[in-house]
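Each remark here refers to the structure printed beneath this line.
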Amino acid sequence: MAVCERYGKETEEKWQRWWEENRTYDYDENDASRPVYSIDTPPAFTSGALHMGHALSYSYFDFVARYKRMRGFNVYYPQGWDCQGFPTEVKVEQKYGRLPRDEFRKRCVEWTVEYIGKMRTQMKSLGFSADWRYEYRTMDPEYHKLVQLSLLQMHKTGQIYHSKHPVYWCPNCGSALAKTDTEDAERDTELHYVNFTLSGKPVLVATTRPELMHACVAVLYNPADARYSRLGAKTITTALGKEVPFLPDADADMEFGSGVVMVCTFGDKQDVVWMYKHKLPIIESMDGHGRITNSGSAGIDGLKVAEARKKLLEKFRADGKLVKTEKLHQSYKVHDRCKKPIEYQLSMQWFAKVTEKSEEIIANAKKIKWVPDFGIQYLIDWARYVEWDWVISRQRVFGTPLPFWLDKATGAAYPAEEAELPFDPDKTPKKAGKNGEELVAETSTCDCWVDSSITPLAIAKWGEDEKFFSRTYPSSLRPQGVEIVRTWAFYTIYRCCELTGIPPFREILLNGSVLAPDGKKMSKSLGNIIEPDKLIADYSADAVRQWAALSGAMAKDRPFSYQDMQYSKSFLTKMLNAAKLVEKSCAGFEGKAPDRKHLRVTDRWILSRLQKVKKEVEADFEGFQFHHATKTVQDFFWHEFCDYYLEYTKHRLYMPETYGQESRRAAQWVLRTVLLECAQILAPVTAHMSEEIWQSFHPGNSVHRSAWPSADDALLDEDAEKKCAFLNEVASLARQSKAERKLPLNAEIASADISCGFAITDIEEEMHATARVKVINFAEGEKSIKFAL
RNA sequence: GGGCCUAUAGUCGAAUGGUAAGACGUCUGCUUGACGUGCAGAAGACUCGGGGUUCGAUUCCUCGUGGGCCCACCA
């Protein structure tokens, strides 16, 4: 079998088909002889297309999977899909308009299935070696069941509870939002100074939200602020005449406004924090559509925020309580879809008790090896800063239903029975309770992180297959983006430890993200998006994979570089051409290792260097240093093997009658060995090209199933390296002399005066044959090389 | 405001306690018994600024400045 004439997409597709047909990447459930290496791959969000971030990070753990396979591990590498989320709902609604719940969900599923198809094709075209028999989707009933089971178990232990809590709310869309559905915006607004009454005297309170004053439940001052602390007052009367507590709080900013702040439920997030901290009552100041409620004597019920503010300010002005108004520049949160301001809305939600678990989560995170190690700091910072429990419910349709029943009369919540799983409120909307109560199914769905925080359990068949579980849990590796340490890693460690008592993975590998070539984020609005498909078509998948390896500054963001991509492609061409030469030179060679005495010093040199390269690359792969591993092989292959060694063998290959058959066979064996071992150690990265080369010598056997070629110390040869370093220098100077005189490289050099500290008898042949020096005058002594052309 | 990361030729970047790879680009040659998607050669860096440790720092520490990511705040 011969290597292909030209390398491209067709070659890669040929091998992708071959791997699939030959089940090259199957995990063997029944093989207990090999250690298992399980990878908790990120389930890709089903957005419809892979982006460069996917290409980078998914290449990363494909390198690991392939390396571990060659190291003899039984690699378990499933790929999942994170299906549910607001973006999908938005797109489906745009396409079909408003639909009944049931119908809507069906459309979401259809849409998602279609997009998974596209993305799976893209993954395959990048040569990812996932075992697709274990593909999973978070929208599948089986996955729902598992998530629900995990929630019931955590409900049993008291980790999950049902409670009223303020959440981000979009009055425009009438929906609760996740924090990630929000973005920051800026605006100019007005800061109003309104007089409250403290111990019979007026006290100015500055506020941007006077319309919420009826929901004022306390006024705070800084305990270090002598203006207020010395008064000893316990209550204060608002401009609406209501008496509320007057409390010290170090977070009250003495510098801002008049140094006192009114706490309303809810003007902003700080209000929520203070509400919990001081155990303040809650006044529901607004309904789900942003209309004021419970305003009492203020008389602004039913008004929208802007109208209410206007009306109330007029009233304060008339009462002489509005003292002054200043301009204020502020940032605020908007819903990322509709760009309208967000409010806080009190509602019944489901929670997980993360706040009390911070230290435990940190302790468990420390049992995991973080690569790079500073990554854990993101988690620690986050865990120590968690202010309230994790709201795990969302008022959405396309999501995992929460497995609970609600008493229609009292609102009390009851867990579903295990037999009722997968729990689906559309199929079983109500039932009678034990005491005849009318129970209705909870229709809220789970936050997407509830789904994804059990991936290590889901892929390990937790609660389903004990044997499978014991082999694949905890995952050997969790690869993920550094930007989701606070969510995916944090929630996974929390939930999996709660459920099993064992940290979910042994190592966590963090990658950064890909920036546009200009160093900015890739975004549609900037028009600087680069499509992986285009790169695969223009440069090949292996070029993209090499680019990913070379971009591998761990957990750091890097701009995309067409130069790297071009270099990667050139390197592939180089590999192919070198393979062609070796193949041609080895025609008829039976592949037997020569007797060591037939090896020339150049042979021993390149073999010695090969061992060192293998050692380095192996260490690099163990430490996930893909950049260094790739660079090391590329440099060795191109600039030592091709530029020097290949040239040193040509005369032996083409003129065996002059230089001897044994010398020729030795050269053939070395060429073949170096080529194939380079193909092997680069196989995790250049998966297709390595296979092309490997199978041209070993038809029917995948390089990805071959044993990793570890270094053989017996082949290390310092003497050969020293001599060849000198030989290379002579060769280089010879080329330089020819270049200076504008002579072709095959021009002859009449004579050379050479001296160095050792005999050159065993490298003279190459000086004659490769550097084309006719006469060599050698004298042992100080290093010196002079040519006479 | 907080945490973390980072600063090396025109560009991207590697490495090192003893003044620095490689790639791309530029310039000059070479037509080839694998490759012009190539080969050979050349030019191009006081390794962000200040201070410290050291015989010696680009490398370690510290301050500053710039850049990035994340988080918090914004009454």
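Proteins come first, then strands; the chains are lettered A, B, ... in the order of their sequence lines, and each starts at number 1.
Under 4.0 angstrom from either OP1 or OP2 of A34(B) there lies at least one side-chain N or O belonging to Lys650(A). Of the side-chain N and O atoms in Ser561(A), none sit less than 4.0 angstrom from OP1 or OP2 of G13(B). Using a 4.0 Å cut-off, no side-chain N or O of Trp547(A) falls inside it from OP1 or OP2 of A23(B). For Tyr332(A), no side-chain nitrogen or oxygen approaches OP1 or OP2 of C73(B) to under 4.0 Å.
Residues Tyr193(A) and Glu326(A) have side chains that bring a donor and an acceptor to within less than 3.5 angstrom of each other. Asp268(A) and Tyr332(A) share no donor-acceptor pair across their side chains, judged by distance under 3.5 Å alone. Side chains of Asp603(A) and Trp669(A): no donor on one and acceptor on the other come within 3.5 Å.
The interatomic distance linking His627(A) (NE2) with G13(B) (P) rounds to 10 Å, in whole Å. Residue His628(A) contributes atom NE2, which lies 10 Å from atom P of A14(B) at whole-angstrom precision. The CZ-C1' distance, from Arg735(A) to U28(B), rounds to 17 Å in whole Å. In this structure, Glu647(A) atom CD and G38(B) atom C1' are separated by 11 Å, rounded to whole Å. Here the P atom of nucleotide C71(B) and the CH2 atom of Trp382(A) are 7 Å apart, to the nearest Å. Regarding Tyr562(A), its OH atom lies at a distance of 17 Å from the C1' atom of G25(B), rounded to whole Å.
Considering only the side chain of Thr208(A), A75(B) comes nearest among C4(B), C73(B), A75(B). Distance from the side chain of Gln377(A) is smallest for C4(B) among the nucleotides G22(B), G38(B), C4(B). Counting only heavy atoms from C-beta on, Phe374(A) has its side chain closest to C5(B) among A75(B), C39(B), C5(B). Listed nucleotides: A34(B), G41(B), U28(B). Nearest to the side chain of Ser732(A): G41(B). Minimum atom distance to the side chain of Leu646(A) is reached by A34(B), of the listed A40(B), A34(B), G22(B). Looking at the side chain of Gln270(A), the nearest of the listed nucleotides U31(B), C74(B), A34(B) is C74(B). Closest contact between the side chain of Cys642(A) and the listed nucleotides U32(B), A34(B), C39(B) involves A34(B). Listed nucleotides A40(B), A34(B), C73(B) differ in distance to Asn577(A); the shortest reach to its side chain belongs to A34(B). The side chain of Asp381(A) sits closest to G3(B) out of G41(B), C39(B), G3(B). Of the candidate nucleotides G22(B), A75(B), G33(B), G33(B) has the atom nearest to the side chain of Tyr654(A).
Residue side chain Lys574(A) reaches the base of C35(B) through a donor-acceptor N/O pair under 3.5 Å, judged by distance alone.
Although no hydrogens or angles enter the test, the distance criterion places no donor-acceptor pair under 3.5 Å between the side chain of Trp488(A) and the main chain of Glu483(A).
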Intermediate values then yes/no, salt bridge (charged side-chain N to carboxylate O under 4.0 Å, His left out), Arg209(A) and Glu343(A): CA-CA 12 Å; Arg209(A) 311 249 3 219; Glu343(A) 297 286 356; 3.0 Å; yes
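Ranked by how close their nearest RNA chain B nucleotide is to the 5' end, Phe256(A) and Leu743(A) are led by Leu743(A).
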